[in-house]
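Everything below concerns the one structure shown next.
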Amino acid sequence: MIQTDQLMCMEGCGNYTFLYTNDGKRYLVSKTLKSYAAILDDQVFLRVHKSWIINLKYLQEFCEYERSLKLRGGREIAISRRRIREVCEVLTPIVKCA
């Protein structure tokens, strides 16, 4: 069991999902990213790409111009063109644009 506050981000890969934790570990689970998006708290977790969900608690930088995010630990994640407007609405009040 992984606590949701330890989840840094999730990467969808077909019918599987990689869970990345704050201690640098990666777990593979046989559940789709869509199924996680349906059950996770949308005040804490944000889908930024077809393949990525991030935990806002671990967000360090947000660059709207480059459509990218940087999480603690150095992981960089691209924001999809289709989701950039939604992501900006959520992140602009929270994080200063780099």
Side-chain angles (χ1 to χ4, degrees):
M1 290 288 274
I2 299 171
Q3 300 296 320
T4 56
D5 64 330
Q6 294 177 339
L7 276 177
M8 190 179 317
C9 59
M10 292 170 256
E11 179 184 16
C13 189
N15 289 327
Y16 297 91
T17 300
F18 285 105
L19 307 176
Y20 296 92
T21 59
N22 59 357
D23 59 1
K25 293 183 180 174
R26 180 176 87 160
Y27 301 91
L28 179 65
V29 292
S30 60
K31 215 172 194 183
T32 63
L33 196 62
K34 182 178 180 179
S35 64
Y36 282 108
I39 60 172
L40 290 170
D41 181 4
D42 60 353
Q43 298 295 314
V44 179
F45 291 91
L46 178 64
R47 187 140 189 197
V48 297
H49 192 278
K50 177 178 121 178
S51 302
W52 287 96
I53 295 176
I54 65 162
N55 185 337
L56 295 174
K57 175 180 160 184
Y58 294 100
L59 181 64
Q60 265 190 329
E61 274 181 32
F62 161 55
C63 187
E64 181 180 351
Y65 177 72
E66 293 180 7
R67 291 190 349 257
S68 67
L69 302 166
K70 191 171 188 179
L71 301 179
R72 275 191 248 161
R75 181 174 302 280
E76 289 192 35
I77 297 174
I79 304 169
S80 69
R81 285 178 285 142
R82 292 180 182 217
R83 295 187 187 267
I84 189 68
R85 184 174 292 143
E86 175 190 342
V87 170
C88 286
E89 288 174 7
V90 172
L91 295 184
T92 301
I94 300 172
V95 178
K96 195 181 232 184
C97 185

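When reading the values below, keep in mind they use all heavy atoms of this one structure, side chains included, and skip hydrogens, waters and symmetry mates.
- Judged as a side chain to side chain contact (heavy atoms under 4.5 Å, CB included), and not counting sequence neighbours, the contacts of Q3 are D5, Q6.
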Name each donor-acceptor pair under 3.5 Å that joins a side chain in residues 67-89 to protein atoms two or more places apart or in another chain, with its distance.
| unit_1 | atom_1 | unit_2 | atom_2 | d |
| --- | --- | --- | --- | --- |
| R67 | NE | I79 | O | 3.1 |
| R72 | NH2 | K57 | O | 2.7 |
| S80 | OG | R83 | N | 3.3 |

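- With contacts defined as side-chain heavy-atom distances shorter than 4.5 Å, the pair L56/V90 qualifies.
- The CD atom of E64 lies 10.0 Å from the CG atom of L91; values are rounded to the nearest 0.5 Å.
- Atom SG of C9 is separated from atom CG of N22 by 11.0 Å, given to the nearest 0.5 angstrom.
- With a 4.5 Å cut-off between side-chain heavy atoms of Ile, Leu, Val, Met, Phe, Trp and Tyr, the cluster of M10 takes in I2, L7, L19, Y27, V29, L33, Y36, I39, L40, V44, F45, I53.
- Within 6.0 Å of the CG atom in D23, the count of heavy atoms belonging to other residues, nucleotides or ligands exceeds 12.
- Between T4 and N55, the shortest heavy-atom contact is O-ND2, 3.5 Å.
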